[in-house]
Amino acid sequence: MNMPAQNPSGPATLNGLARRLVEGGAIDAERITAAAKQAAKNKTPLIRHLVEEKILDSRTIATTASLTFGIPLLDLDAMDLDACAWKQVDQKLIQKHHVLPLYRRGSRFFVALSDPGNMQALDEIKFHVGATTEPILVEQDKLSRIITQLLEARDTSMDGLQDSDLDGLDISGGDDDEASTSTDGEIDETPIVRFVNKVLLDAINRGASDLHFEPYEKVYRVRFRMDGILKEVTSPPIALANRIAARIKVMSQLDISERRVPQDGRMKMKISKTRAIDFRVSTCPTLFGEKIVMRILDPSSAKLGIDALGYEEDQKKLYLDALAKPYGMILVTGPTGSGKTVSLYTGLNILNTEDRNISTAEDPAEINMPGVNQVNVNPKAGLTFASALKAFLRQDPDVIMVGEIRDKDTGDIAIKAAQTGHLVLSTLHTNDAPQTLTRMVNMGIAPFNIASAVSLIIAQRLGRRLCAHCKQPVLLPAETLREEGFKEEELHEITVYRAVGCERCNDGYKGRVGIYQVMPISDEMGRLIMAGGSAIDLADQAKREGISDLHNSGLRKVKAGLLSLEELHRVITE
């Protein structure tokens, strides 16, 4: 029998934590030796390499390190981060050594780290804060996530803006080519300009869809909507509320002297030679100042292609078949923020060829698309959806897109266009596809016209996509899966995942995935509509025709490991 010392790859050749991990059976010597070589090659600490490459879980490493070095172990999830002393240490030291300053007790300064051998970090922080440093062991993945969150929060604050290089951003308001400027010292005060630019750029980099600037009596907060969820990112002093609002209004070419009524505008930020981002800006007077909401309109989202939207193969075929027809109506339905505009523009992008005349009426046009004639409706000037549609029909159209069917007049004209050789795309605000048909009947549109004109209805939601790096399987009883709607034969082969959270995602989610109900209008559905059938009757007929409802479509995403059951319940209520 060979002794460990005689085996060149055995634990006797390893030191410290690596050896203890091998002796404890967490990993074999050959594998951790290879990991150590790769970590050294990448100039990455071994513990971080083991966790990021999912060779070992961070809890096992932290527990073993605590026992080996006699250092107390702390769960960072139990810490109040607002009470942490991380602001007392230079940001560069935190990034350099991957540590988190926790708190000071008299002459001792406690520091969270995942690598107990990182003595250099303790020495440098000791010199920096002038106190004896005491190490506290924490899990690597939680440490990385929290450091990222805290540094992002600091990065979007008023601190440290002098090192920013944001002055080169080209920002223009409205449709003008030149950036708007002001000689008002209060508005163009450099820290405010740089702060607003930094917030906008940070929102783009973090994939936010909306920015909320909100004044209250004693606080002012900025929130981003990321993956459909609002999250506070910074809280500048309340005294700056009016200056921030004024700066955004200048950028959007709004009236900075008018604070009593809502205003709407837009601006464009050119962040590189090849990429420009549009913002739709809305102001609203509140008790303590103007709340401003900015919607980020990225033209590249319409060019993702239909494969990137998350349609199942059978659903994609139904959509493409409807787009290929020379006439008829395609309706996309769902709540605000469910991705209707992107679905419509993806279809328009497919149809946008030299031989087609495409016109759109929107309120307002969110995505600029060369080759498409886009009109912003303006009810105050008499340019409504209905009047824009009438004008389109005199302009030799092939494809018409109406931002939303809101009333009987718009619906009647759109139906008439679909019946007279034009392809019409539009949206409605309903919960699912069958309810869309009954909603049109309730508007006063004749059932016969609906049955003969509407060819396809797409109901959709956007759910947060599970992070591929940290999602974990969860064991659920067969009865629970059965109640969710999974078939009997799926119960033993399905793996359901839950959100965990890591440094690469937002609370266990990264990006979003579409959930769709794609319902073609069959002859039988047409007869039901003309017979005055209810939404329940239409839903039953859709089920008989094998069309998945939103819940069942969501279950497909759960089965594929893209969606958690919690997220499915959040976005789809039955």
Side-chain angles (χ1 to χ4, degrees), residues 209-210 225 227-228 278 280 282 293 295-312 315-316 318-320 322-323 328-352 358-369 372 374-377 385 388-389 399-407 410-411 414 418 423-437 439-440 443 454-464 511-520 549-550 553-554 557 570-573:
S209 61
D210 301 85
R225 187 177 295 279
D227 299 333
D278 290 322
R280 190 178 73 197
S282 171
V293 176
R295 166 69 58 89
I296 298 177
L297 310 172
D298 190 350
S300 62
S301 61
K303 299 178 182 179
L304 293 173
I306 193 168
D307 292 322
L309 298 186
Y311 286 95
E312 304 290 339
Q315 296 174 336
K316 182 175 76 171
L318 289 171
Y319 190 18
L320 292 175
L323 288 171
M329 179 180 284
I330 299 172
L331 294 171
V332 181
T333 181
T336 300
S338 60
K340 299 187 298 294
T341 300
V342 172
S343 282
L344 284 177
Y345 267 93
T346 299
L348 288 180
N349 195 44
I350 293 170
L351 296 170
N352 189 13
I358 303 175
S359 297
T360 74
E362 301 167 78
D363 184 20
E366 293 191 2
I367 299 172
N368 295 331
M369 182 172 284
V372 175
Q374 298 172 276
V375 174
N376 280 334
V377 299
F385 281 120
L389 271 173
V399 179
I400 296 171
M401 197 268 271
V402 188
E404 183 183 352
I405 295 178
R406 296 177 180 172
D407 51 48
T410 306
L423 183 61
V424 179
L425 291 80
S426 189
T427 71
L428 264 85
H429 286 275
T430 56
N431 290 328
D432 61 13
Q435 289 184 33
T436 303
L437 297 169
R439 168 79 187 279
M440 295 179 77
M443 280 183 183
V454 179
S455 58
L456 185 75
I457 301 176
I458 301 172
Q460 68 180 75
R461 301 288 189 276
L462 282 178
R464 291 179 293 169
R512 289 196 278 180
V513 60
I515 304 169
Y516 302 94
Q517 179 186 25
V518 182
M519 188 178 84
D549 60 18
L550 283 167
S553 292
K557 299 294 191 295
R570 186 185 72 83
V571 297
I572 299 174
T573 54

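Note: hydrogens, waters and symmetry copies are ignored here, and every other heavy atom, side chains too, is used.
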What distance separates [X] [atom1] from [Y] [atom2], expressed to the nearest 0.5 Å?
| X | Y | atom1 | atom2 | answer |
| --- | --- | --- | --- | --- |
| S359 | M401 | OG | CE | 11.0 Å |
| I330 | T427 | CD1 | OG1 | 13.0 Å |
| L351 | L423 | CG | CG | 6.0 Å |
| L456 | L318 | CG | CG | 6.5 Å |
| I400 | T360 | CD1 | OG1 | 10.5 Å |
| L348 | S343 | CG | OG | 11.0 Å |

Return yes if some donor-acceptor pair links the side-chain N/O of [X] with the main-chain N/O of [Y] below 3.5 Å, else return no.
| X | Y | result |
| --- | --- | --- |
| K340 | G334 | yes |
| D227 | G511 | yes |
| T333 | A433 | no |
| Q315 | E312 | yes |
| Q374 | A365 | no |

(request) Begin with the C-alpha distance, continue with both residues' side-chain angles, and end with the deciding distance and a verdict on side chain to side chain contact (heavy atoms under 4.5 Å, CB included) for L437 and M519. (result) CA-CA 11 Å; L437 297 169; M519 188 178 84; 3.9 Å; yes
(request) Just do the side chain to side chain contact (heavy atoms under 4.5 Å, CB included) check on L331 and M440 with the steps written out, would you? (result) CA-CA 11 Å; L331 294 171; M440 295 179 77; 3.5 Å; yes
Which heavy atom in [X] sits nearest to a heavy atom in [Y], and how many Å separate them?
| X | Y | answer |
| --- | --- | --- |
| D549 | Q517 | CA-NE2, 3.8 Å |
| V342 | L309 | CG1-CD2, 3.8 Å |
| K557 | G514 | CE-O, 3.2 Å |
| R280 | L297 | CB-CD1, 4.0 Å |
| L389 | A414 | CD1-N, 4.0 Å |
| I405 | M443 | O-CE, 3.3 Å |

(request) Ignoring hydrogens and angles, state whether a donor on the side chain of N349 or T346 is under 3.5 Å from an acceptor on the partner side chain. (result) no
Close side-chain approach of [X] to [Y], heavy-atom, < 4.5 Å:
| X | Y | result |
| --- | --- | --- |
| I350 | L320 | yes |
| T410 | E404 | no |
| L323 | L425 | yes |

(request) For a side-chain contact (heavy atoms from CB on, under 4.5 Å) with P335, tell me which candidate from H429, R461, Q460 qualifies. (result) R461
(request) Could you tell me how the ring of Y319 sits relative to the ring of Y311: parallel (under 30°), tilted (30 to 60°) or perpendicular (over 60°)? (result) tilted
(request) Could you tell me which residues satisfy side chain to side chain contact (heavy atoms under 4.5 Å, CB included) with L462, sequence neighbours excluded, listed by chain and number? (result) R512
